[in-house]
Amino acid sequence: MAMSGGKDDGQPMMEMNTTPLIDVMLVLLIMLMITIPPVSHAVNIDLPVQDPNQPPPEVLIDPVVNKIVILPNGEIQWNGTPSTLDQIEQYLVQTKSMSPEPELQFQPAPTARYDIVDQSLAVVKRSGITKFGFVGNEQYRVFGKSAVPGN
């Protein structure tokens with residue numbers, strides 16, 4: 001049922017009617033879209049389980065400046081968090097691999113035991129840290145018995 005707008009001379013129409021062709025193509029396209037399974041980009045990975053008692057080490061490491069403090073009672077702190085020498089060594093290995101390497105500040109208390117300070121410095125030296133400095137040196141102005149509180 002083609003309709004011609006211009007001529008009415010009784011001759012057959014020479015143009016092809018494309019409306020049914022387009023309708024069939026649209027139906028086929030819709031059927032194809034319905035039958036294709038949905039694309040899923042899911043990747044199944046077994047993630048490691050962390051110890052809930054230990055905070056993640058990324059939180060404890062500052063990318064700019066990290067600080068080791070040794071308190072008079074012998075407690076070692078990494079950025080204000082109590083830590084063991086083994087944990088300090090792990091943190092130092094992680095900071096050594098960072099680019100740029102963060103600065104490490106070391107602040108022992110004046111009355112801290114020498115062997116704990118020495119062990120801590122040995123761990124720092126073994127780690128190969130290059131940006132290292134002592135802070136809080138003003139607390140060592142007074143030497144001798146007057147430096148120890150209560151004397």
Side-chain angles (χ1 to χ4, degrees), residues 2-3 5 15-151:
M3 298 175 72
E15 296 100 20
M16 181 176 174
N17 189 359
T18 57
T19 304
L21 180 64
I22 293 173
D23 289 345
V24 169
M25 294 301 287
L26 286 174
V27 168
L28 289 174
L29 180 66
I30 291 171
M31 289 175 55
L32 180 68
M33 288 171 49
I34 291 173
T35 58
I36 292 178
V39 178
S40 83
H41 294 287
V43 177
N44 296 328
I45 297 175
D46 293 328
L47 297 176
V49 179
Q50 264 189 338
D51 182 16
N53 299 331
Q54 181 180 6
E58 297 82 37
V59 175
L60 297 175
I61 297 175
D62 189 324
V64 179
V65 175
N66 293 296
K67 190 173 189 178
I68 297 176
V69 176
I70 301 178
L71 301 176
N73 64 359
E75 181 181 352
I76 304 170
Q77 292 185 347
W78 172 271
N79 291 339
T81 304
S83 302
T84 64
L85 286 175
D86 292 333
Q87 290 173 328
I88 298 281
E89 190 170 5
Q90 292 172 358
Y91 298 148
L92 291 173
V93 167
Q94 290 178 5
T95 59
K96 181 70 176 160
S97 65
M98 297 171 82
S99 179
E101 181 182 326
E103 177 185 334
L104 178 64
Q105 297 178 350
F106 190 79
Q107 182 178 5
T111 56
R113 292 184 44 202
Y114 177 77
D115 60 337
I116 295 174
V117 175
D118 185 46
Q119 291 171 4
S120 303
L121 286 173
V123 167
V124 171
K125 184 173 182 176
R126 278 194 308 265
S127 70
I129 297 295
T130 57
K131 295 182 177 180
F132 177 78
F134 288 91
V135 295
N137 293 341
E138 64 277 351
Q139 61 188 342
Y140 300 107
R141 284 189 209 141
V142 181
F143 292 102
K145 288 188 176 184
S146 61
V148 179
N151 286 341

Work out which heavy atom in [X] is nearest to a heavy atom in [Y]; give both atom names and the distance.
| X | Y | answer |
| --- | --- | --- |
| I116 | G74 | CD1-CA, 3.6 Å |
| P102 | V65 | CB-N, 4.4 Å |
| Q107 | G136 | NE2-CA, 4.1 Å |
| I70 | S120 | CD1-OG, 3.4 Å |

Output the distance between atom [atom1] ([X]) and atom [atom2] ([Y]), rounded to the nearest 0.5 Å.
| X | Y | atom1 | atom2 | result |
| --- | --- | --- | --- | --- |
| M25 | T18 | CE | OG1 | 12.0 Å |
| F132 | E103 | CZ | CD | 10.5 Å |
| F134 | L104 | CZ | CG | 9.5 Å |
| Q77 | I88 | CD | CD1 | 9.5 Å |
| T130 | K96 | OG1 | NZ | 5.0 Å |
| E89 | R126 | CD | CZ | 5.5 Å |

(message) Could you go through I34 and I30, starting from their C-alpha distance and side-chain angles, then the distance that decides it, and tell me whether this counts as side chain to side chain contact (heavy atoms under 4.5 Å, CB included)?
(response) CA-CA 6 Å; I34 291 173; I30 291 171; 3.9 Å; yes

(request) Applying side chain to side chain contact (heavy atoms under 4.5 Å, CB included), run through M98 and I61 and close with a yes or a no. (result) CA-CA 10 Å; M98 297 171 82; I61 297 175; 3.7 Å; yes

(message) With side chain to side chain contact (heavy atoms under 4.5 Å, CB included) as the test, pick out the partner of W78 among V69, T84, L92.
(response)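 Exactly one candidate clears the test, L92.
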
